[in-house]
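The structure appears below as structure tokens.
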Amino acid sequence: MTGGPATGGQVKFEELETGTEIGRREIAVTRADLVKYAGASGDFNPIHWNNDFAVSVELPGVIAHGMFTMGAAVQLVVDWIGDPGAVVDYQTRFTKPVPVSDTTGTGEPGALLEVVGTVGALDAEARTARVDLMVTNGGQRVLTKAQAVVRLA
């Protein structure tokens, strides 16, 4: 069983099966997105906006904030479950940086995240589902063990 995200609390625990794909999406990331995120988060580390600085510390160039990447990925789960409060746990390991090219004025993204969510485990007693997220950029996995636990009514 595969399908796109359900919304508005339409997900029913009894209808879930381990291995079910909950959805997939591509997330375009631009340098402007990183500047906005820096302002919202207060993380103004120059590796997220200054290419020369990022290269000087042996990065491939400007990279996305780890928490930006993590937050963008879990949005798939939030949209599927229909209630951000239903997400009771979310964790991941960062494995590769997400380089974001300067594409200002081109209308093109500087990076493209691909996110696929799959039901990895079910707990009938707690009425929770663990959603495993595969998060890649250019075919490279950028998050591992990205798992969100949601509680269903």
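- Put simply, the side chain of Arg127 gets close to the backbone of Ala153: a donor and an acceptor are under 3.5 Å apart.
- Taking 4.0 Å as the cut-off between side-chain N and carboxylate O, Arg130 and Asp89 do not count as a salt-bridged pair.
- Nearest heavy atom pair, residue Ser101 against residue Arg31, reads O-CG, 3.6 Å.
- In this structure, the side chain of Thr30 engages the main chain of Asp33 through a donor-acceptor pair within 3.5 Å.
- In plain terms, the two heavy atoms of Ala73 and Ile27 that are nearest each other are N-CD1, 4.4 Å.
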>> Would Val98 and Val29 count as a side-chain contact (heavy atoms from CB on, under 4.5 Å) here? Give the steps.
In response: CA-CA 10 Å; Val98 177; Val29 183; 5.6 Å; no

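- Nearest heavy-atom pair, Asn137 versus Ala111, reported as atom, atom and distance to 0.1 Å: OD1-CB, 4.0 Å.
- The two residues Ala64 and Thr69 have their closest heavy-atom pair at CB-OG1, 3.8 Å.
- A single hydrophobic cluster is seen to contain both Tyr90 and Val131, as judged by linkage of ILVMFWY side chains at heavy-atom distances under 4.5 Å, directly or through other members.
- A donor-acceptor contact shorter than 3.5 Å links the side chain of Thr106 to the backbone of Glu108.
- The main-chain N or O of Arg151 is never found under 3.5 Å from a side-chain atom of Thr128 such that the two would form a donor-acceptor pair.
- Put simply, the side chain of Val78 reaches to within 4.5 Å of the side chain of Val87, judged on heavy atoms.
- Ion pair Glu114/Arg141 not flagged as a salt bridge, since none of the NZ, NE, NH1 or NH2 atoms sits closer than 4.0 Å to an Asp/Glu carboxylate oxygen.
- Remark: of the listed residues Ile22, Asp132, Val150, Ile22 is the sole one forming a side-chain contact (heavy atoms from CB on, under 4.5 Å) with Val119.
- Nearest heavy-atom pair across Asp52 and Asn50 is N-OD1, 3.1 Å.
- Listed for the Trp49 side chain is no donor-acceptor partner under 3.5 Å among the backbone atoms of Val62.
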> Going through the distances and angles, do Leu16 and Val11 end up as a side-chain contact (heavy atoms from CB on, under 4.5 Å)?
Replying inline: CA-CA 8 Å; Leu16 294 178; Val11 179; 4.0 Å; yes

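- Under a 3.5 Å cut-off, the side chain of Thr118 and the backbone N or O of Glu21 do not form any donor-acceptor pair.
- Val142 and Ile47 sit in two unconnected hydrophobic clusters of ILVMFWY residues. Membership requires side-chain heavy atoms under 4.5 Å apart, directly or through other members.
- Between the side chain of Asn51 and the main chain of Phe53, no donor-acceptor pair closer than 3.5 Å is present.
- In this structure, CZ on Arg93 lies 12.0 Å from CG on Leu143, to the nearest 0.5 angstrom.
- One hydrophobic cluster, built from ILVMFWY side chains closer than 4.5 Å, cannot hold both Val149 and Met134; they sit in different ones.
- Side chain of His48 to main chain of Ile63: a donor-acceptor pair is present (N/O by atom type, distance under 3.5 Å, no hydrogens or angles).
- Counting only distance, with no hydrogens or angles, the side chain of Ser41 and the backbone of Tyr37 share a donor-acceptor pair below 3.5 Å.
- Residue Phe13 is grouped with residue Ile81 when hydrophobic side chains (ILVMFWY) are merged at heavy-atom distances under 4.5 angstrom, including chains of intermediate members.
- Hydrophobic clustering, with ILVMFWY side chains joined whenever heavy atoms are under 4.5 angstrom apart, keeps Val116 apart from Phe94.
- With rounding to the nearest 0.5 angstrom, the CZ atom of Arg25 is 4.5 Å from the CG atom of Asp79.
- In terms of heavy atoms, Lys96 sits closest to Gln140 at CE-OE1, 2.7 Å.
- Between Gln147 and Leu133, every side-chain heavy-atom pair lies at or beyond the 4.5 Å cut-off.
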